Amino acid sequence: MLKIKNLHASVEDKEILRGINLEVKAGEVHAIMGPNGSGKSTLASVIAGKDEFEVTEGSIELYGEDLEDISPEERAHMGVFLSFQYPVEIPGVSVTNFMKTAINESRKAKGLEDMPAKEMLKLIREKSELLEIDRKFLSRSLNEGFSGGEKKRNEIFQMAMLEPKVAILDETDSGLDIDALRIVANGVNKLKSKDNAVILITHYQRLLEYIVPDFVHVLHNGKIVKSGGKELALELEEKGYDWLKQEATV
Ligand SMILES: Nc1ncnc2c1ncn2[C@@H]1O[C@H](COP(=O)(O)OP(=O)(O)O)[C@@H](O)[C@H]1O
Ligand SMILES: [Mg+2]
């Protein structure tokens with residue numbers, strides 16, 4: 001479903017991604033690992049279409065459609081989900097109301113009417129039960145005073161409600177505690193299906209103890225320097241990244 005070919009991207013004339021090739025099929029979970037500064041978050045942002053990055057070469061296709069001229073909003077409507085896309089605190093707007101607005105905006109973009117209130121309630125109930133999110137949480141103000149775990153819960157809830165085709169979770173936060181890890185892992189494991197794909201970005205092997213990826217890719221200096229199965233994550237845990245850096249410079 002997602003095909004990235006020879007992708008080069010720059011920010012402020014500095015080349016960050018230097019020829020990424022990656023194909024993600026429906027039903028797959030891909031983990032992207034790599035040291036700090038290797039370009040993981042940049043890759044996520046470029047897929048989502050954030051405009052501070054400039055694609056200088058190569059292409060990203062979703063369902064065979066080139067995303068080059070497609071705005072971040074349209075990409076989202078096509079089913080690209082990036083966690084932390086809405087990190088703002090909005091006092092007075094509840095988790096639920098924010099979600100209702102997001103869903104109806106997405107429907108509007110597709111030429112659909114607002115989701116009937118009853119249907120919306122049913123969807124919210126279904127998804128919050130699946131993820132074991134309690135009602136009190138749903139009425140909290142968005143991100144206001146959220147703990148790390150609660151932020152994750154909110155993100156996973158957004159993902160569940162929007163039912164993306166390609167979910168990109170960028171686990172940048174070094175403060176991911178066990179509670180937050182479990183929330184993310186549990187959510188991904190419950191939401192993955194044969195029709196969607198997950199790209200999980202992390203430099204922690206730990207997360208992959210809970211979410212078993214089909215493929216692991218190591219990014220270094222803007223390139224994928226190694227790809228493998230889940231065993232590659234264990235190898236990285238054991239050996240670190242240095243052996244790959246050496247291979248990468250050859
Ligand atoms: N908005 C930006 N402006 C300038 N440099 C950036 C920006 N975003 C990322 N970079 C640079 O790009 C490189 C890769 O960053 P990033 O993609 O965040 O790496 P990772 O997520 O793997 O830690 C780093 O050298 C970083 O300083
Ligand atoms: Mg990052």
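Note that the structure is predicted; figures quoted are calculated from it, not measured. Whatever order the structure lists them in is the order used to number ligands and atoms, beginning at 1.
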*Kindly say whether the aromatic ring centers of Phe137 and Phe146 come within a distance under 6.0 Å.*
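Aromatic pair counts; centres sit under 6.0 Å.
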
*Could you establish whether Pro35 and ligand 1 come within less than 4.0 Å of each other, counting only heavy atoms on the residue side?*
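The answer is yes: ligand 1 sits under 4.0 Å from a heavy atom of Pro35.
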
*Quick one: does Gly34 get within less than 4.0 Å of ligand 1, heavy atoms only?*
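It does not, in that no heavy atom of Gly34 comes within the 4.0 Å cut-off of ligand 1.
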
Ligand-side contact atoms (ligand 1) for residue partner [X], heavy atom cut-off under 4.0 Å:
| X | value |
| --- | --- |
| Lys14 | 11 (C), 25 (O), 27 (O) |
| Asn36 | 23 (O) |
| Ile16 | 11 (C), 12 (O), 13 (C), 14 (C) |

_Applying a strict under-4.5 Å side-chain criterion to I, L, V, M, F, W and Y, I'd like to know whether Met99 and Phe81 cluster together._
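Both belong to a single hydrophobic cluster.
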
*Applying the 4.5 Å side-chain criterion to the ILVMFWY set and letting contacts propagate, would Phe157 and Ile90 be lumped into a single cluster?*
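Yes, it is one cluster - the side chains of Phe157 and Ile90 are joined through contacts under 4.5 Å.
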
*Would Glu155 and Lys151 pass as an ion pair if we require N to O under 4.0 Å?*
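The answer is no: the pair does not qualify as a salt bridge.
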
Contact (N/O only, under 3.5 Å) between [X] and ligand 1:
| X | result |
| --- | --- |
| Glu52 | no |
| Val11 | no |
| Phe53 | no |

*Do any of the N/O/S atoms of Thr42, backbone or side chain, fall under 2.8 Å from the Mg ion (ligand 2)?*
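So Thr42 does not count as coordinating the Mg ion (ligand 2).
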
*Can you name the one residue among Glu23, Lys25, His217 that meets side-chain hydrogen bond (donor to acceptor under 3.5 Å, both in side chains) with His30?*
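That would be His217.
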
*Proximal candidate to atom 15 (O) of ligand 1 [heavy atom criterion; set Thr42, Ile201, Asp13]*: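 The nearest heavy atom belongs to Thr42.
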
*Which of these passes side chain to side chain contact (heavy atoms under 4.5 Å, CB included) with Asn154: Glu150, Gln158, Lys152?*
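Filter result, single survivor: Gln158.
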
_Is it the case that atom NZ in Lys136 sees more than 12 heavy atoms from other parts of the structure closer than 6.0 Å?_
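No, not enclosed.
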
